Amino acid sequence: MTIFDTAATVDIARTLLGATLRVGKTAGIIVETEAYLADDPASHSCNGRSRRNGSMFLSAGHAYVYRSYGVHWCFNVVTGPAGVGEAVLVRALKPVDGIATIAERRGIVWDGSDAFNIPAGGGAAMKALCSGPGKLCQALGITGDMDGSIIGPDSPVSITLPDRVTSDRAPAGILATERIGISKGKDRLYRFVPADGELRRWISRPK
DNA sequence: CCAGTGATTCTCT
DNA sequence: GAGAATCACTGGC
């Protein structure tokens, strides 16, 4: 039993801010999420199960990975019980581990310096590594192979939640905004980003 | 701002 | 089945 089973999808989207998403030797801190609900016109699940969205109806803690615009992969954490069809889209990361590998996958020149020595303020190139749902999948090597797989410490894809009490990683304030790139369901403020602080630097779009 | 991109889904025959 | 519409995006102006 994890938070993915017990909390509402919108709450999970908020809780995931500050969590570490790891795939192999690459990892980043989640700084931007969006919730997609069962009764939500913007959700892939709103018209029922199909070939593409099948894994969105798995039980909480599975990965839903789909191809967007025919070219990019997007990564979601399935929430709620099996058969419901709710998930949280991960939209941006602050890269923290395996940055040389990430830069290479993204086709961005990295000078080879210590991967943990992130330049103060993060340069434009750093920001471009994981500041979007398609970018972070390319950065971490997430592909359709991982669609329907279970997320966990013993799986290729893992998520470590921040310690709310002792960690300075979890953002103190969270801002809820309109979701990006949708045409329906714009009235729902289901996109979550840090309201301020260092993590906010890494989100895909200011507003 | 906007073009490229191609899989998936929708709407008819 | 075929043709059209629709995108939970990115990168380059």
Side-chain angles (χ1 to χ4, degrees), chain A residues 4 8-14 16-17 19 21 28 30-58 60 62-80 84-95 102-110 122-149 151 157 159 174-193 202-207:
Chain A
F4 299 135
T9 300
V10 166
D11 293 330
I12 294 170
R14 301 175 70 101
L16 282 173
L17 294 182
L21 173 62
I30 297 172
V31 298
E32 179 174 342
T33 59
E34 285 179 359
Y36 287 90
L37 274 51
D39 67 343
D40 175 358
S43 174
H44 288 171
S45 60
C46 72
N47 287 321
R49 206 166 182 151
S50 70
R51 183 61 157 259
R52 175 215 219 184
N53 69 15
S55 57
M56 198 173 171
F57 291 83
L58 294 172
H62 284 84
Y64 167 44
V65 181
Y66 70 93
R67 214 199 263 282
S68 171
Y69 290 85
V71 281
H72 308 107
W73 295 107
C74 290
F75 171 78
N76 297 252
V77 180
V78 176
T79 58
V84 172
E86 301 201 346
V88 173
L89 171 70
V90 179
R91 284 193 54 90
L93 306 173
K94 171 187 176 177
I102 287 174
E104 187 180 350
R105 286 175 178 154
R106 293 275 301 118
I108 290 170
V109 178
W110 176 252
M126 281 292 295
K127 160 113 200 250
L129 293 177
C130 301
S131 57
K135 294 178 189 178
L136 73 88
C137 284
Q138 186 183 20
L140 268 52
I142 295 172
T143 70
D145 292 347
M146 296 162 191
D147 183 41
S149 67
I151 299 166
V157 181
I159 292 177
I174 295 174
L175 197 62
T177 79
E178 243 180 48
R179 291 169 289 184
I180 306 288
I182 56 165
S183 58
K184 290 170 284 190
K186 287 189 172 180
D187 53 319
R188 301 189 182 209
L189 305 183
Y190 286 168
R191 171 174 177 254
F192 303 100
V193 295
W202 303 93
I203 68 178
S204 67
R205 294 176 47 173
K207 172 144 196 304

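Below, chain A is the first sequence line, B the second, and so on; all start at residue 1. Owing to the predicted nature of the structure, the values given are computational and were not obtained by experimental measurement.
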Chemist: C:dA8 P sits how many Å from A:F75 CZ, rounded?
Modeler: 18 Å

Chemist: Which part of the nucleic acid does A:I182 contact within heavy-atom distance under 4.0 Å: base, sugar-phosphate only, or nothing?
Modeler: sugar-phosphate

Chemist: Under a 3.5 Å distance rule, please check whether A:E86 uses its side chain to pair with a backbone N or O of A:A38 as donor and acceptor.
Modeler: yes

Chemist: May I ask you to verify if any side-chain N or O of A:R106 is less than 4.0 angstrom from the OP1 or OP2 atom of C:dG11?
Modeler: yes

Chemist: Rounding to an integer number of Å, can you tell me how far A:R52 CZ sits from B:dC10 P?
Modeler: 10 Å

Chemist: Using only side-chain N and O atoms of A:H44, determine if any of them is under 4.0 Å from OP1 or OP2 of C:dA8.
Modeler: yes

Chemist: Please list, by residue number, the residues of residues 62-70 of chain A whose heavy atoms come closer than 4.0 Å to an atom of DNA chain B; answer none if no residue qualifies.
Modeler: A:Y69, A:G70

Chemist: Quick one: A:N76 CG to C:dC9 C1', roughly how many Å, whole number?
Modeler: 14 Å

Chemist: A:R51 side chain: which of B:dT9, C:dC9, C:dC7 is closest?
Modeler: B:dT9

Chemist: My understanding is that a pair needs two contacts under 3.5 Å, Watson-Crick or G-U wobble. By that rule, which nucleotide pairs with C:dA2?
Modeler: B:dT11

Chemist: What's the CD-C1' distance between A:E86 and C:dA8, to the nearest Å?
Modeler: 15 Å

Chemist: Can you tell me the base-pairing partner of B:dT5? Count Watson-Crick or G-U wobble geometry only, both distances below 3.5 Å, and say none if there is no partner.
Modeler: none

Chemist: Give me the one residue out of A:V31, A:I203, A:I174, A:T33 that meets side-chain contact (heavy atoms from CB on, under 4.5 Å) with A:V193.
Modeler: A:I203

Chemist: May I have the distance from A:L136 (atom CG) to C:dT10 (atom P), rounded to whole angstrom?
Modeler: 8 Å

Chemist: Can you list the steps and then say if A:D40 with A:R179 is a side-chain contact (heavy atoms from CB on, under 4.5 Å)?
Modeler: CA-CA 12 Å; A:D40 175 358; A:R179 291 169 289 184; 2.6 Å; yes

Chemist: Do A:L93 and A:L140 have side chains that approach each other closer than 4.5 Å (heavy atoms only, starting at C-beta)?
Modeler: yes

Chemist: With salt bridge (Lys or Arg N to Asp or Glu O under 4.0 Å) as the criterion, how do A:D147 and A:R67 come out once you've worked through the C-alpha distance, each side chain's angles and the decisive distance to 0.1 Å?
Modeler: CA-CA 10 Å; A:D147 183 41; A:R67 214 199 263 282; over 6 Å; no

Chemist: Separation of A:L129 atom CG from C:dG11 atom P, in whole Å?
Modeler: 11 Å

Chemist: Between B:dT8 and C:dG11, how far apart are the two C1' atoms, rounded to whole Å?
Modeler: 24 Å

Chemist: Show your working on side-chain contact (heavy atoms from CB on, under 4.5 Å) between A:H44 and A:C74 and close with a plain yes or no.
Modeler: CA-CA 12 Å; A:H44 288 171; A:C74 290; over 6 Å; no

Chemist: Could you check whether A:N47 gets within reach of a base, just the sugar-phosphate, or nothing at all, counting any heavy atom under 4.0 Å?
Modeler: sugar-phosphate

Chemist: May I have the distance from A:I108 (atom CD1) to C:dG12 (atom C1'), rounded to whole angstrom?
Modeler: 14 Å

Chemist: Please pick, from C:dC7, C:dA8, C:dT10, the nucleotide with the shortest atom-to-atom distance to any side-chain atom of A:K135.
Modeler: C:dT10

Chemist: Ignoring hydrogens and geometry, is there a side-chain-to-backbone donor-acceptor pair from A:Q138 to A:R105 under 3.5 Å?
Modeler: yes

Chemist: OP1 or OP2 of C:dA8 sitting under 4.0 Å from any side-chain N/O of A:S43?
Modeler: no

Chemist: With sugar-phosphate meaning primed atoms plus P, OP1 and OP2, does A:R179 contact a base, only sugar-phosphate, or nothing at under 4.0 Å between heavy atoms?
Modeler: nothing

Chemist: Looking only at side-chain atoms of A:H72, point me to the closest of C:dA8, C:dC9, C:dG11.
Modeler: C:dC9

Chemist: What is the distance, rounded to the nearest whole Å, between atom CG of A:D40 and atom P of C:dC7?
Modeler: 13 Å

Chemist: Quick check: do A:M146 and A:W73 have side-chain heavy atoms less than 4.5 Å from each other?
Modeler: no

